[in-house]
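Lettering of chains follows the sequences in order, A, B, ..., and the numbering in each one begins at 1.
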Amino acid sequence: MNFTLQHTDKQSNARAGLITTDHGVIETPIFMPVGTVASVKAVHFHELKEDIKAQIILGNTYHLYLRPGLTILEQAGGLHKFNGWDRPILTDSGGYQVFSLSGNRKLKEEGAHFRSHIDGSKHLFTPENVVDIQRIIGADIMMAFDECTPGDAPYDYAKKSMELTHRWLKRGLERFDATTGKYGYSQTFFPIVQGCVYPDLRKQSAEFIASQGREGNAIGGLAVGEPTEKMYEMIEIVNEILPKDKPRYLMGVGTPQNILEGIERGVDMFDCVMPTRNGRNGMLFTSQGIMNMRNEKWKNDFTPLDEFGTSYVDQAYTKAYLRHLFISQELLAMQIASIHNLAFYLWLVGQARNHIIAGDFVAWKREMMPRLGRRL
RNA sequence: GGGCAGUUACCAAAGUGGCCAACUGGGGCUGACUGUAACUCAGCUGUCUUUCGACUUCGGAGGUUCGAAUCCUUCACUGCCCA
């Protein structure tokens with residue numbers, strides 16, 4: 001993997017760059033649609049490529065390990081061959097499941113003991129076997145196994161959690177450096193900053209992560225229950241330390257506003273389930289604000305879904321029709337909403353990139369921000 | 001014409017003297033969702049009120065009772081069966 005910094009904004013820390021992988025080039029800042037179980041829910045890869053213009057998608061180590069399982073993935077020749085997505089893939093390590101499935105797991109020094117949410121069976125994830133699994137999945141970018149610390153964790157817990165993540169990182173890196181990709185292309189490994197909402201911990205973690213000298217770095221443990229302002233503050237502290245010539249990935253974030261704030265603070269990569277999950281639940285993000293498509297007010301609004309939208313669904317369908325599809329629980333509703341939302345997210349980061357290159361990012365962002373949160 | 005069963009909120013359907021503005025579904029409305037256990041979850045759904053609470057309801061009318069959706073009388077309507 002290679003990162004080229006193309007432009008750095010003069011009035012902010014925003015940057016535009018290029019990440020080159022063996023599966024293609026990614027223009028940053030970028031948003032990465034989440035495809036947990038080898039599928040971006042409700043969206044075909046054809047639409048993802050041609051209409052949404054996704055450049056890289058996510059997969060999830062924990063979920064793919066449980067199903068379809070490593071035997072199938074290896075027989076298929078890796079995830080790219082299995083699902084047919086021939087562009088870059090990033091896999092999360094399962095660190096988020098340490099957080100989200102906290103009722104089903106026990107943390108120990110060696111790793112995390114999970115009970116499968118599917119059948120209750122017992123599994124052990126360690127920093128080492130999570131690398132091995134991601135070798136089999138064949139992600140272009142694999143993530144370190146960390147503990148995603150809850151946003152409301154007390155200081156002592158956050159400190160211990162961060163230290164565990166750091167120890168796990170050393171072990172993961174050792175395994176990564178001792179192994180190679182199985183399918184003829186190269187893989188890279190991003191370590192993850194933790195430290196919850198505590199500036200000194202974040203600083204300490206960022207320094208530790210930066211000192212590992214990897215090809216890219218991630219910021220984790222944000223947007224997990226802490227106030228949004230705290231999140232922005234932590235990003236600033238961390239990005240002060242993380243190297244400028246490496247991509248920075250803010251994990252799991254977020255709303256359109258979160259993303260612009262992140263870009264302004266020097267983040268290059270984002271992923272989030274919001275455009276797809278919230279889309280399936282009837283929520284549309286647009287350049288003019290947010291719409292809940294189940295609301296009665298759209299009942300007889302026969303104007304296009306999003307007159308400023310760039311995806312074909314925006315012009316092809318009306319608000320009244322999409323509302324009808326949601327009220328009727330038609331599957332097409334979820335497809336349309338997911339395509340729209342992802343296309344909007346990719347449009348948003350594409351615009352940000354263009355304005356960074358043009359030199360007017362801050363002014364553009366100032367104009368966009370109030371509109372993005374408006375409820376239509 | 002006779003017999004039996006029934007009539008409860010938007011729909012369906014519990015409740016058979018006070019704990020009933022009334023269980024539960026559905027429908028409807030509103031909200032939540034941030035490295036996806038999520039086509040999920042939560043709240044509201046007689047009227048007024050932010051809450052407390054007040055008021056009006058259980059086919060219609062009348063009655064019994066301290067008190068009725070619940071008991072009695074009667075009327076209307078619906079379904080099934082017999083003629």
Is there a side-chain contact between [X] and the phosphate of [N], meaning an N or O under 4.0 Å from OP1 or OP2?
X	N	answer
A:N60	B:U36	yes
A:R294	B:C39	no
A:N295	B:G31	yes
A:S93	B:G35	no
A:R277	B:U34	yes
A:R280	B:C41	no
A:N292	B:U30	no
A:Q97	B:A37	yes

Residue [X], side-chain heavy atoms: nucleotide from [options] that is nearest:
X	options	value
A:Y96	B:A32, B:A37, B:G28	B:A37
A:M283	B:A37, B:G35, B:C33	B:C33
A:E296	B:G31, B:G35, B:U30	B:U30
A:H63	B:U36, B:G35, B:C39	B:U36
A:K41	B:C29, B:U34, B:U36	B:U36

Only one of A:T28, A:T8, A:D245, A:D268 passes side chain to side chain donor-acceptor pair (under 3.5 Å) with A:R15, and that residue is A:D268
Hey, which of A:E261, A:Q11, A:Q257 is the one that makes side chain to side chain donor-acceptor pair (under 3.5 Å) with A:K365?
-> A:E261
Tell me which residues in residues 211-244 of chain A put a heavy atom below 4.0 Å from RNA chain B, sorted by number, or none.
-> A:G221, A:A223
When rounded to the nearest Å, what value does the distance between [atom1] atoms of [N] and [M] take?
N	M	atom1	answer
B:A68	B:A21	P	12 Å
B:U45	B:U34	C1'	31 Å
B:C71	B:C19	P	16 Å

So does A:K319 have more than 12 non-hydrogen atoms from other groups sitting under 6.0 Å from NZ?
-> yes
At their closest point, which heavy atom of A:N60 faces which heavy atom of A:Q97, and how far apart are they?
-> ND2-OE1, 3.0 Å
5′-ward residue of the pair A:S328/A:V253 relative to RNA chain B = A:S328
Are any of the side-chain heavy atoms of A:L222 and A:M251 separated by less than 4.5 Å?
-> no
Describe the nucleic acid contact of A:R323 in one word from base, sugar-phosphate, nothing, applying a heavy-atom distance below 4.0 Å.
-> sugar-phosphate
CG of A:L90 versus C1' of B:G35: gap in Å, rounded?
-> 9 Å
For the residue pair A:F125 and A:Y65, categorise the inter-ring angle as parallel (less than 30°), tilted (30 to 60°) or perpendicular (more than 60°).
-> perpendicular
Joining Ile, Leu, Val, Met, Phe, Trp and Tyr whenever any side-chain heavy atoms lie under 4.5 Å apart, the cluster holding A:V224 also takes in A:Y96, A:F99
A:H80 and A:D86: side-chain donor and acceptor closer than 3.5 Å?
-> no
Going by modelled atom types, is there a donor-acceptor pair between the base of B:U36 and the side chain of A:T276 at under 3.5 Å?
-> yes
